[in-house]
Amino acid sequence: MSAITTVLVTGGSRGIGRAICLKMAALGHYVLVNYKGNKVAAEETLAAVKAAGGDGELLPFDVSDGPDVKRALGGWIEAHPEKPIGVLVNNAGIKDDTLLMWMKDEQWSQVRGTSLDGFFYVTREVLNGMLLRKAGRIINVVSLSGLKGMAGQTNYSAAKAGVIGATKALAQEIAKRNITVNAVAPGFIQTDMTSDLNEKELKAMIPANRFGKPEEVAHAVAFFASPESGYITGTVLSVNGGLYT
Ligand code: NAP
């Protein structure tokens with residue numbers, strides 16, 4: 001993998017994904033900012049990338065929609081042979097918490113669809129080029145919830161645990177091709193996703209006594225993305241202030 005490459009960040013418009021876009025741009029990479037519907041936020045991310053001296057473009061598609069991924073991402077890859085994607089960050093994710101006994105079919109399928117199906121559709125689209133070039137980094141943003149399990153999040157815990165299993169399996173499939181696959185598992189991070197939570201109450205159970213920042217997750221992603229991390233694959237790195245399972 002060359003030091004400077006094209007990086008695709010799914011869910012790059014807000015929160016952790018935005019911080020990853022900025023980190024990757026600061027490292028000199030060309031950043032593809034994926035998002036689902038929030039164009040204003042995605043444009044803000046791209047403007048911040050450019051303001052910091054980086055470069056990139058928006059690439060909207062719904063990661064959970066196989067044909068949409070093929071059309072938008074497959075089409076982009078075909079049209080840009082000069083910008084091969086060397087780093088893929090599967091970051092897009094949603095939560096929709098409720099107890100299992102009250103969970104509706106859509107709550108199960110949409111949460112699973114975004115994290116787990118999204119991983120599958122997007123990775124399959126990007127992987128062929130990485131295999132041909134015998135180089136690449138795939139980093140999946142999972143969750144403490146997928147390691148530990150959290151009451152009220154059976155859909156989310158199952159989806160993230162699924163991505164952790166897929167990370168380990170795919171790592172073994174493609175290690176010989178010089179492509180690594182790793183996961184970063186955040187605990188509580190200050191983003192829109194956690195804005196409904198009471199940090200003052202919850203921080204008492206976190207050894208670091210605070211929620212994390214998106215930039216602290218982005219740092220872990222950059223570690224796996226680095227050319228020097230080529231012998232690290234199939235691992236899950238927790239970024240959770242000491243809140244272990
Ligand atoms: P966030 O602030 O809610 O942002 C979610 C991002 O995902 C947005 O960019 C959103 O795009 C995008 N997205 C959602 N559904 C999508 C879809 N179907 N296709 C494409 N993009 C989609 O969330 P966050 O807190 O930054 O979370 C980022 C990742 O970290 C997620 O995978 C989440 O599960 C994981 N995580 C977060 C925490 C935490 O405490 N925040 C903890 C552990 C793990 P739009 O702007 O277009 O909606």
Side-chain angles (χ1 to χ4, degrees), residues 8-23 31-46 48 58-69 71-73 88-97 106 109-123 125 139-150 153 155-164 166-167 183-199 202-203 206 208 210-218 220-221 236-241 243 245:
L8 169 60
V9 183
T10 69
S13 49
R14 292 183 282 127
I16 292 170
R18 174 179 288 179
I20 295 169
C21 288
L22 287 167
K23 182 75 183 176
V31 184
L32 296 176
V33 183
N34 162 259
Y35 65 100
K36 183 180 175 189
N38 198 335
K39 191 171 183 208
V40 173
E43 279 170 344
E44 279 171 21
T45 299
L46 188 58
L58 302 184
L59 186 54
F61 56 83
D62 178 348
V63 296
S64 70
D65 179 340
D68 195 32
V69 172
R71 179 194 56 77
L73 177 56
L88 165 61
V89 186
N90 286 305
N91 164 77
I94 56 168
K95 67 167 187 172
D96 193 348
D97 299 353
E106 314 83 72
S109 61
Q110 283 168 6
V111 169
R112 189 216 62 220
T114 307
S115 280
L116 186 56
D117 300 0
F119 156 82
F120 170 62
Y121 293 134
V122 175
T123 304
E125 209 56 49
I139 301 128
N140 302 318
V141 180
V142 293
S143 173
L144 175 65
S145 184
L147 288 166
K148 181 184 181 293
M150 299 259 226
Q153 291 199 317
N155 49 358
Y156 186 79
S157 295
K160 294 301 192 184
V163 177
I164 290 169
T167 298
V184 173
F188 291 99
I189 308 297
Q190 284 169 343
T191 69
D192 293 346
M193 188 178 272
T194 52
S195 59
D196 59 331
L197 303 179
N198 187 337
E199 180 174 350
L202 287 168
K203 72 178 188 180
I206 304 169
R210 64 174 176 87
F211 279 16
K213 300 188 185 82
E215 294 73 20
E216 292 172 311
V217 181
V221 170
V236 184
L237 177 58
S238 288
V239 182
N240 61 21
L243 185 61
T245 52

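One-based numbering, in listed order, for ligands and for the atoms of each. In what follows, every heavy atom counts, from backbone to side chain, and hydrogens, waters and symmetry copies are set aside.
At the shortest separation from atom 37 (C) of ligand 1 among protein heavy atoms lies I16 CD1, 3.7 Å. For atom 9 (O) of ligand 1, the closest heavy atom belonging to the protein is S13 OG, 2.6 Å. I94 CG2, 3.8 Å is the protein heavy atom nearest to atom 14 (C) of ligand 1. Distance from atom 30 (O) of ligand 1 to its nearest protein heavy atom, with residue and atom name: V141 CG1, 3.3 Å. For atom 24 (P) of ligand 1, the closest heavy atom belonging to the protein is T191 OG1, 3.6 Å. With hydrogens left out, the protein atom closest to atom 7 (O) of ligand 1 is G11 CA, 3.5 Å, a heavy atom. Atom 33 (C) of ligand 1 has its closest protein heavy atom at Y156 OH, 3.4 Å.
Side-chain contact between Y121 and V63 is absent, with no heavy-atom pair separated by less than 4.5 Å.
Residue G37 has at least one nitrogen or oxygen atom sitting less than 3.5 Å from a nitrogen or oxygen atom of ligand 1, judged on distance alone.
F120 meets the ring-ring contact (aromatic ring centres under 6.0 Å, His included) test with no other residue; sequence neighbours excluded.
Contact analysis puts K160 in contact with ligand 1, with a non-hydrogen atom separation below 4.0 angstrom. Ligand 1 does not have D65 within reach: every non-hydrogen atom of the residue lies 4.0 Å or more from it. Under a 4.0 Å heavy-atom criterion, N91 is in contact with ligand 1.
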